[in-house]
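Note that ligands are numbered from 1 as they come in the structure, with each ligand's atoms numbered from 1 the same way. Values below: all heavy atoms of this structure, side chains included; hydrogens, waters and symmetry mates excluded.
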Amino acid sequence: MTDLALYSMPSSGNSYKVRLLLALLEHPYRHIPCEANSPALAQAKADGHLPLGKLPALHLPDGTILSESGAILWYLGQGTPWVPETPLAQAQMLAWMFFEQNRHEPVIAVRASLNCYPHLADQATPEVMARLADEGHAILSVMENALAHSPWFAGDAPTLADIALYGYTHTAGSRGGFDMVRFPRLAAWCARIAALPGYRGLDADA
Ligand SMILES: N[C@@H](CCC(=O)N[C@@H](CS)C(=O)NCC(=O)O)C(=O)O
């Protein structure tokens, strides 16, 4: 795979997941940053570069455009150690990736967005923020408990599940306002990911 172009939002965990995997794979790509509410994002939509209307979108050399962070991770991870070999291990990895999209991201990422993006501030009512805090702490507890048995989420080596979950978990405290002191195993897991060769932080492309 050469000549990849990635439309991504620098501040977004969904986009960051893809940038992180590309960095860990040491795979070169052209980055087209489109920040929230920016003219660049409006232009990318108008030009048809985001077929599903969202970032990230990976443009392949033959013109194919891949959307959805999990699908892009799956594509890029094929044939690498980031995807386990057996169908069962792959399914266990995908279970965490679906958990991330269905239950984690709609709470952890949404609370962080309401905290951080000025154009969403009017939605951050005390009631909404309190509900998201309760739901988020419960979701983070599920993750904390899973790490009692293994250093990684799916098997004994890091997989795409770890990258997908890391996207918004590692800033859940700083951006989302979640109380991460309750989750020491998650803190240790974040440190393990940040120590991986080739690791690149969220802000590296800001
Ligand atoms: N499920 C999608 C979510 C994509 C998504 O919601 N992207 C947001 C940023 S996190 C976006 O493109 N926002 C810009 C907009 O809606 O105009 C994925 O994982 O890729």
Ser8: side chain to side chain donor-acceptor pair (under 3.5 Å) partners, not counting sequence neighbours: Arg19, His31
Inter- and intrachain pairs under ring-ring contact (aromatic ring centres under 6.0 Å, His included), touching residues 107-133, at least two apart: Tyr117-His119
Is it the side chain, the backbone, both or neither of Asn14 that has a heavy atom closer than 4.0 Å to ligand 1? side chain
Which protein heavy atom lies closest to atom 5 (C) of ligand 1, and at what distance to 0.1 Å? Leu55 O, 3.5 Å
I need the nearest protein heavy-atom contact for atom 13 (N) of ligand 1: residue, atom name and distance, please. Met9 CE, 3.7 Å
Tightest non-hydrogen contact, residues Ala154 and Met93, listed as CB-CA, 3.7 Å
Do any heavy atoms of Tyr16 fall under 4.0 Å from ligand 1? no
Ligand 1 atoms nearer than 4.0 angstrom to some heavy atom of Tyr168 are 10 (S)
Distance under 4.0 Å to a non-hydrogen atom of Pro56: what atoms of ligand 1 satisfy this? 20 (O)
Flag Lys45 as yes when one of its N or O atoms lies below 3.5 Å from any N or O atom of ligand 1, and as no otherwise. yes
If I apply the N/O under 3.5 Å rule, does Gly70 come out as touching ligand 1? no
Using heavy-atom distances, let me know which of Ser12, Ser67, Ser11 sits nearest atom 10 (S) of ligand 1. Ser12
Which distance, rounded to the nearest 0.5 Å, do you find between the CH2 of Trp82 and the CD1 of Ile163? 4.0 Å
Which residue supplies the protein heavy atom nearest to atom 6 (O) of ligand 1, what is that atom called, and how far is it? Lys54 CD, 3.7 Å
Is it the side chain (CB and beyond), the backbone, both or neither of Glu68 that lies under 4.0 Å from ligand 1, heavy atoms counted? both
Hey, does the side chain of Asn145 reach the backbone of Val142 with a donor-acceptor pair shorter than 3.5 angstrom? no
Rounding to 0.5 Å, atoms CD1 (Ile32) and CG (Leu6) come to a distance of 7.0 Å
Find out if a path of hydrophobic residues (ILVMFWY) with successive side-chain heavy-atom gaps under 4.5 Å connects Leu76 to Ile65. no
Counting both backbone and side chain atoms, is some N or O of Ser69 under 3.5 Å from an N or O of ligand 1? yes
Counting only heavy atoms not in Arg103, do more than 12 sit closer than 6.0 Å to its CZ atom? no
Below the 3.5 angstrom mark, is there an N/O of Lys17, backbone or side chain, next to an N/O of ligand 1? no
Ignoring hydrogens and angles, tell me if any N or O in the side chain of Ser113 forms a donor-acceptor pair with the backbone of Ala109 under 3.5 Å. yes
Can you name the atoms of ligand 1, numbered from 1 with element, that are less than 4.0 Å from a heavy atom of Gln101? 1 (N), 2 (C), 18 (C), 19 (O)
Counting only heavy atoms from other residues, nucleotides and ligands, does the tally under 6.0 Å from CG of Asp156 exceed 12? no
Show the atoms of ligand 1 that are less than 4.0 angstrom away from any heavy atom in Leu41. 14 (C), 17 (O)
Tyr7 and ligand 1 - part of the residue with a heavy-atom distance under 4.0 Å: neither
